[in-house]
2 protein chains.
Amino acid sequence: MSPNANHNGSAHHDHGKCVADALAAAREICDQRGERFTELRGRVLELVWESHRPIGAYAVLERLKADGRSAAPPTVYRALDFLMEVGLVHRIESLNAYIGCAHPGAAHASQFLICKDCGTAEELESPAVDAALAAAAGDHGFKIAGRVVELSGTCKNCSGS
Amino acid sequence: MSPNANHNGSAHHDHGKCVADALAAAREICDQRGERFTELRGRVLELVWESHRPIGAYAVLERLKADGRSAAPPTVYRALDFLMEVGLVHRIESLNAYIGCAHPGAAHASQFLICKDCGTAEELESPAVDAALAAAAGDHGFKIAGRVVELSGTCKNCSGS
DNA sequence: ACAGAGTATGATATACTATAGCGAGGCCGG
DNA sequence: CCGGCCTCGCTATAGTATATCATACTCTGT
Ligand SMILES: [Zn+2]
Ligand SMILES: [Zn+2]
Ligand SMILES: [Zn+2]
Ligand SMILES: [Zn+2]
């Protein structure tokens, strides 16, 4: 077990690097888009990335307070709203929770596989799913603006062993 | 404009019959399954069906109180939970709201087209979407237990005129 | 009819999630 | 330096959902 594996769910990758990469990418994306990647926003993104499990806004809030920082609900909701607009974070509607985007930087429609056992959420970008949704909507004269696709069930790790 | 059209969103069908049919079907389904379709549950289902728009639990609660009935949040949540278990009502996660099932009686995975303009939600059962989701999940060794597929956008009526 | 088990509802309190609104301070272009 | 805009702190409040206990109903077997 790697030194960084003890604080995340799957424990199958170097999660410290995982988080560091996400933060570096976020900084770059914000620079490119002329958005301010402030210390608060960075810390919130880091907290969201601390596991691959979706995390609730109030859980983020508690961790911010644990930093010794003064924080209230609007503090974290504003940061999360910003991160979502920039495309660095997704909201999981069925959990009222938030998770770091696995492929930030480009607009994309994603799907989530949420394991009921270990709580992880994997982000997919399946063109086939996207096409099927577009076709089904088109058949009904519906113009898609936003997609929520969240599958709950059992992940590979949890069903295997 | 038909006499029954003034209290629903699309105004393109006999909504009174629509609701009556839903209630009759519900009674039959509960009978078959040995579940009690009580007066409260019937009234809640009727309220949910009063339009084709998703309705919030607290909106249902207010209408129950308007009946002169004594009611509190658990009253409506219990009824909604029952109706969902029996498959008579679906929850729209992205709206924290509830809508009558268009095809009750048989287990099915459905998708919703939610219009941002008129607020209606149309229930689809696209085998193609379902197959694409099953394939995408299967590729990742994920066993699907529950599906949330909610598309927001503009419906045919609203984009037409 | 009666007792007892299981179910449904009433009632109160509380937890959890999200937003409104105002003001102080920082950043930046003019 | 000024003035506009953005970020953040802070308080209050709105909106959604559940825990818990008490009461009353329904059905079943005797
Ligand atoms: Zn993403
Ligand atoms: Zn799992
Ligand atoms: Zn349905
Ligand atoms: Zn519409």
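For the numbers below, each heavy atom of this structure counts, side chains included, while hydrogens, waters and symmetry mates do not. Reminder, nothing fancy here: chain letters follow the sequence lines and each chain counts from 1. Not measured: the values here are computed from a predicted model.
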K.L.:
Just how large is the angle between the end axes of the helix from C:dA1-D:dT30 to C:dG30-D:dC1, five pairs per end, to 10 degrees?
P.N.:
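That helix has its two terminal axes inclined by roughly 30°.
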K.L.:
Any side-chain N or O of A:Tyr98 below 4.0 angstrom from OP1/OP2 of C:dA18?
P.N.:
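Checking C:dA18 against A:Tyr98, a side-chain N or O does come within under 4.0 Å of OP1 or OP2.
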K.L.:
Answer yes if the side chains of B:Glu150 and B:Ser94 hold a donor-acceptor pair under 3.5 Å, and no otherwise.
P.N.:
yes
K.L.:
Can you check each nucleotide of nucleotides 8-13 of chain D against protein heavy atoms at under 4.0 Å and return B for base, S for sugar-phosphate only, - for none, in 5' to 3' order?
P.N.:
BBBB--
K.L.:
Which of these, B:His103, B:His52, B:His90, sits in a side-chain hydrogen bond (donor to acceptor under 3.5 Å, both in side chains) with B:Glu123?
P.N.:
B:His90
K.L.:
What does nucleotides 24-30 of chain C look like as a protein-contact string, B for base, S for sugar-phosphate only, - for none, at under 4.0 angstrom between heavy atoms?
P.N.:
-------
K.L.:
Separation of B:Tyr77 atom OH from C:dA11 atom P, in whole Å?
P.N.:
19 Å
K.L.:
Whole-Å distance between C:dT7 P and B:Phe82 CZ?
P.N.:
12 Å
K.L.:
Could you tell me the separation between the CG atom of A:Leu95 and the C1' atom of C:dC16, rounded to a whole number of Å?
P.N.:
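For the pair A:Leu95 CG and C:dC16 C1', the rounded distance is 14 Å.
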K.L.:
Rounded to whole Å, how long is the line connecting atom CG of B:Asn96 with atom P of C:dT19?
P.N.:
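That distance rounds to 10 Å.
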K.L.:
Rounded off to whole Å, could you give me the CG-to-P distance for the B:Leu80 and D:dA17 pair?
P.N.:
9 Å
K.L.:
Identify whether any heavy atom of B:Phe37 sits under 4.0 Å from a base atom; if not, whether one sits that close to sugar-phosphate; answer base, sugar-phosphate or nothing.
P.N.:
nothing
